[in-house]
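What follows is a set of notes on a single structure, which appears directly below.
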Amino acid sequence: MRGDDEQQASVWSYIPLEQRVPADHPLRVMRAMVDEVLRELSPQFTQLYARVGRPSIAPERLLRALLLQVLYSVRSERLLMEQLDYNLLFRWFVGLSADDPIWDATVFTKNRQRLLEGDIARAFFDRVVAQARQRELLSDEHFTVDGTLVEAWASLKSFKPKGTPPAPPDDPGNPTVNFHGERRSNTTHASTTDPEARLFRKGDAHEAKLYYQGHVLMDNRQGLAVDGSLTPATGFAEREQALAMATRLPAGATLGADKSYDTRDFVDALRGLAVTPHVAQNITKRASAIDRRTTRHASYQASQRHRKRIEEIFGWLKTVGLLRKVRHRGAARVGWMFTFGLAVYNLVRLRRLGALPT
């Protein structure tokens, strides 16, 4: 018997959102881990807000919404608010009921600014790493470091000479720019869109673009990120940030890296920190700073195999985590999103590893 296509809307719904989400949904495990982190951050949230005045958006809901934005690759806050309006799964995860009003996108971004000023992304990331350590998923013995280029939200047309008043454009929306015969460098030019972005070329076969540089320290046991930072792109930033992160490693740890880290200064600095350099040898028309004292050990060969897993972190951040080309400007804001993206990546890994809250 054919059913009726009657489309009279129901006035009430008696099924709570908790029952609409399947018991085996991946977000259930992640929600439990996130709630544990947010409970620990509650005292820090209290310090960011005044005791009187109009209530803001709860910082816990802000962070859950931002986590969904990264996890589901929602490209803008406006689209995120649209998803929250009709997506019951998103409402359940953030902590909204089916009838709660959704925030305006501008109000959402203004409230997010307070979390940026309080460096909540770093605190959130550190507590996710602490969860992994509590569940004995970190080795604290063998690590890998590497960097990746993050394209800035600025075009080459905005890269103009410093201190020169801009000429009136022929087309305000898409001006015509001719760079032929002009020498451009970071010392004489800067982007008018994002002055902190730097002109950088990935290699001889690549064109120069405006970039930031992300740096990650990975624990080799399960491929989890245990430290990270973001800097303007320079030729020395990778090694400088690697040494800064190496100062927080325990004595006797090993640190794997690719050929770009094979310099005498970097290797000697690691040994001065009592960290064993497991750097890939660069013997192209030169002598390597790594010799048989290091390469003869089986642990060196193991580090060379495991260090490649750090590319999985960069691949996830760029294909899922909205960092192939950032949507923010300024090293502080881009760095906040980079660190928060690392925390979300770790949460995804922890869920797959079956790390349930205790």
[X] versus [Y]: any side-chain heavy-atom pair under 4.5 Å?
| X | Y | result |
| --- | --- | --- |
| M218 | F143 | no |
| F340 | F124 | yes |
| L96 | L17 | no |

Could you check whether [X] pairs with [Y] (Lys NZ or Arg NE/NH1/NH2 to Asp/Glu carboxylate O, under 4.0 Å)?
| X | Y | result |
| --- | --- | --- |
| R133 | D219 | no |
| E311 | R309 | no |
| E141 | R221 | no |
| E77 | R327 | yes |

- Task: Provide the full list of salt bridge (Lys or Arg N to Asp or Glu O under 4.0 Å) pairs with a residue in residues 21-32, sequence neighbours left out, each pair given once.
- Result: E18-R28, R31-D35

- Query: What residues join Y211 in its hydrophobic cluster, counting side-chain heavy atom gaps under 4.5 Å, either direct or through other members?
  - Reply: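 Y211 shares its hydrophobic cluster with L149, F200.
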
- Side-chain cluster (under 4.5 Å, hydrophobic types only) that V52 belongs to, other residues: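 None; V52 is a cluster of one.
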
When you look at [atom1] of [X], are more than 12 heavy atoms from neighbouring residues, nucleotides or ligands closer to it than 6.0 Å?
| X | atom1 | answer |
| --- | --- | --- |
| E136 | CD | no |
| W316 | CH2 | yes |
| R78 | CZ | no |

Of all the heavy-atom pairs spanning [X] and [Y], show the shortest one and how long it is.
| X | Y | value |
| --- | --- | --- |
| K160 | T192 | CD-CG2, 4.2 Å |
| A197 | L210 | CB-CB, 4.2 Å |
| V279 | I290 | O-CG1, 3.6 Å |
| D262 | R286 | O-NH2, 2.7 Å |

Short side-chain to backbone donor-acceptor contact, [X] and [Y], under 3.5 Å:
| X | Y | answer |
| --- | --- | --- |
| Q131 | D126 | no |
| W336 | L115 | yes |
| R239 | S260 | yes |
| R20 | L88 | no |
| N282 | S288 | no |
| N186 | L199 | yes |
| S73 | V320 | yes |
| H297 | S299 | no |

- Query: For R114, which residues count as a salt bridge (Lys or Arg N to Asp or Glu O under 4.0 Å) partner, sequence neighbours excluded?
  - Reply: none

- Item | Partners passing salt bridge (Lys or Arg N to Asp or Glu O under 4.0 Å) against R91 (at least two apart in sequence or in another chain) | D85

- Message: Could you work out, with side-chain contact (heavy atoms from CB on, under 4.5 Å) as the rule, every residue matching L79, not counting sequence neighbours?
- Response: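 Partners of L79 under the side-chain contact (heavy atoms from CB on, under 4.5 Å) test: V74, R75, S76, E82.
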
- Query: For the atom pair CZ (R135) and CG (L353), what is the distance rounded to the nearest 0.5 Å?
  - Reply: 11.0 Å

- Would Q281 and K259 satisfy side-chain contact (heavy atoms from CB on, under 4.5 Å), going step by step from the backbone distance to the final call? CA-CA 6 Å; Q281 290 182 300; K259 293 181 180 180; over 6 Å; no

